[in-house]
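Down below is the structure, laid out as structure tokens.
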Protein chains: 2
Amino acid sequence: MADVAQLAGVSSQTVSRVSNGFPGVTEDTRAQVLAAMRELGYRPNSAARALRRGEFRTLGVITFSLSTMGNIRTLEAIATSAAEHGYAVTLLPVAVPTQDEVNGAFSRLGELAVDAVIVIMEIHLLDAATVSLPPGVQVVVADSDAGDRYTVVDTDQAGGARDAVRHLLDLGHDTVWHLAGPEGSFAAQRRANAWRTTLTGAGRTPPPLVRGDWSAASGYRAGLLLADEPECTAVFAANDQMALGLLRALHERGRRVPDDISVVGFDDIPESASFLPPLTTIHQDFAEVGRLCVEGVLSKMRQDGVEHGTTTLVPTRLVRRASTAAPRPGR
Amino acid sequence: MADVAQLAGVSSQTVSRVSNGFPGVTEDTRAQVLAAMRELGYRPNSAARALRRGEFRTLGVITFSLSTMGNIRTLEAIATSAAEHGYAVTLLPVAVPTQDEVNGAFSRLGELAVDAVIVIMEIHLLDAATVSLPPGVQVVVADSDAGDRYTVVDTDQAGGARDAVRHLLDLGHDTVWHLAGPEGSFAAQRRANAWRTTLTGAGRTPPPLVRGDWSAASGYRAGLLLADEPECTAVFAANDQMALGLLRALHERGRRVPDDISVVGFDDIPESASFLPPLTTIHQDFAEVGRLCVEGVLSKMRQDGVEHGTTTLVPTRLVRRASTAAPRPGR
DNA sequence: CTAGGCAATGTTTACGTAAACATCCACTGG
DNA sequence: CCAGTGGATGTTTACGTAAACATTGCCTAG
């Protein structure tokens, strides 16, 4: 910076003003400084800048692996949205979702150059962890059910599940079976709860719940069971991958979709439009979730307010494809 | 830090030594300092540290959206591997893969707190861009064909494609059709080239090449064409998504897989084991690619050497599933 | 014509850390 | 008993930036 100042014949402070786009610099001076910057290939040193300003213009994102498409899309939206606000995004992968690992990530975070944190993770892993965060670092949680301890942004899981079940009931099915996600997952839990209450709310009896682990393989195993249930004409799978495995099992067992059984998924992954048959599913707006995470955390930073427990739900949308139809009147 | 020093009754330099695990501090003193740190909730300021040390312990990753599973898995491996080396990872999303956008990302990078850069991107977008990088910032490129200008780590695309084609020939197919990725992609290009040379090398005539855009929808369209080719008994799709669309089209047209037509994919995405039928495909080791990217860039930083053009290929593995079989003798 | 005001620019300083150098002290060997 | 040695700790300084304050000089109103 001193070199630039000397070359341009001004003080370093003027260089700083130009570099930060501050007013109070003549057009001529500004041009001269810019020319000197270019000539010397000057780049502001972000470490010094951060030290002086007391902020890094960086958000940390903690996520338990990038295994699910939803987390990835959310992450991408976070990165894009952060960039629009002039913030960079630093990734903190957590290899295994154990309390120890999460604690480790948080303590690494403490030494990291980060102004705020977005956590994409089930909340129960978080509870004991936040204590080790430096004071003043705000946290927003996605993909979780945080109650009043954190600010949360998430897809409206319950609303989506309700729409899925209603869609099948509207088509004329007596009841809807549910292929749920793993017990430990709040998303799975909320989808299952909404499935149950929607059914009972409509005066139907919920069939026994079938459980998978989000993977297509588990959906396949579940499908082999469901294929043998003669009463089953409609299934709501808690995600598209399990729906994929389900479709394969039903096909192998000679149960036609949607003629014999209708299937609805959740997520609307890009591939689901090409399943056999194309999958009716609940579309999640991950981009919006990511955007709201960033805006939420930035606004928390600005206000410095400590309002806890705001929860923002992002609505879903039912995408109708060929995997659902009215039950055959014959049966 | 000064507070900690005072509380522990030592100088700030001793605190620094403890904080960095340097030798030359008595066990007693160290314990006292650590106690003071805990009591005051001291965290080293990473901005000041970076300023003083001249390094950020951070790697930048530039990638054109996280749209493909491969990029995502590579990114994840990079983040994990970087963490093991004590480095953080900062994400630089590029919204649209235009020269302007890439240039923008690189110039933002210039002001970013980053010691080195890993680029997950087709190389041709890179050519004009690197000039704006600060000197001394090393670059490693993944998912690309960079010749001698950059250090490259990538999957052995050609080897994988060769294995796919040979597998089909070994099963007894006369020739193999190819559903290629978009023209702009080097990965697609290399897979297509290897397909062609493997066929001609085995004395077969390559059928006309069919082109998709990586998406399942494009695979579906291509499948509708291929279903009408009576000569076609084996298809090598350049990725699993297109193979998925292909399977749907063939199924709709009544061509059975693998009885009438064998299909091989590329990538081995998690879902491919649950396709109808489960897909034979080429498994890519993205984790290894990511790991090698990190190691490569770190070793380049250490040596400060300017050896250009090292290319490391990560081998693939053929995963045999139900979508391939010998051609029916009848026909 | 001059005081006052304001815009443009310069000077000083502090941010938190760690390298380089300085100091202190206990112990060893002659 | 003393010089020498080396380990433990303290002191000084610089990293690059930007806020706060200081200075300059020009313009305008009275």
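Both backbone and side-chain heavy atoms feed into the values below; hydrogens, waters and symmetry mates do not. Chain naming here is simple, since letters A, B, ... match the order of the sequence lines and numbering starts at 1 in each.
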Here the gap from B:L298 atom CG to B:I118 atom CD1, rounded to the nearest 0.5 Å, amounts to 7.5 Å
Here the distance between atom C1' of D:dA8 and atom CZ of B:R30, to the nearest Å, is 12 Å
Margin query: Does A:R43 contact D:dG16 through a side-chain donor or acceptor facing the base, at a distance under 3.5 Å?
Written below: no
Whether B:S19 contacts C:dT17 is assessed here as follows: a side-chain N or O lying under 4.0 Å from the phosphate OP1 or OP2. Is that the case? no
Ignoring hydrogens and geometry, is there a side-chain-to-backbone donor-acceptor pair from A:S185 to A:A187 under 3.5 Å?
yes
Assert: residue with more 5' nearest nucleotide on DNA chain D, out of B:V25 and A:M1, is B:V25
Taken to the nearest whole Å, CZ/B:R17 to C1'/D:dG7 is 11 Å
To the nearest angstrom, the CD-P distance between B:Q13 and D:dA14 comes to 16 Å
Heavy atoms of A:S19 and A:M37 approach each other most closely as CB-CE, 3.7 Å
Taken to the nearest whole Å, CD/A:E27 to P/C:dT9 is 10 Å
From CZ of A:F22 across to C1' of C:dT9 the rounded distance in Å is 15 Å
Q: Determine: side-chain N/O of B:R53 to OP1/OP2 of C:dA18, distance under 4.0 Å, yes or no.
A: yes
- Task: Measure from the side-chain N and O atoms of B:D115 to the backbone N and O of B:F56, and report whether any donor-acceptor pair falls under 3.5 Å.
- Result: yes
- Message: Looking at B:N20, I'd like to know whether one of its side-chain N or O atoms comes within less than 4.0 Å of OP1 or OP2 on C:dA18.
- Response: yes
Review point. Is it true that a side-chain atom of A:S299 and a backbone atom of A:G296 form a donor plus acceptor pair closer than 3.5 Å?
Key: yes
To the nearest angstrom, the CD-P distance between B:E55 and C:dA18 comes to 11 Å
- Query: Is any side-chain N or O of B:T26 closer than 4.0 Å to OP1 or OP2 of D:dT9?
  - Reply: yes
With the side chain defined as heavy atoms from C-beta on, B:R52 is closest, among C:dA19, D:dA18, D:dA19, to C:dA19
Practice prompt. Using a 4.0 Å heavy-atom cut-off across all strands, classify B:T29 as base, sugar-phosphate, or nothing.
Written response: sugar-phosphate
Q) Taking only side-chain nitrogens and oxygens of B:R49, does any of them come within less than 4.0 Å of OP1 or OP2 of C:dA18? A) yes
How would you label the contact of B:S16 with the nucleic acid (heavy atoms, under 4.0 Å): base, sugar-phosphate, or nothing? base
Looking only at D:dT9, D:dT17, C:dT17, the nucleotide nearest the B:P44 side chain is C:dT17
In whole angstroms, the gap separating P of C:dA8 from CD of A:Q32 amounts to 15 Å
Under 4.0 Å: is that the gap between some side-chain N or O of B:T14 and OP1 or OP2 of D:dG10?
yes
Separation of D:dA14 atom C1' from A:L51 atom CG, nearest Å, is 12 Å
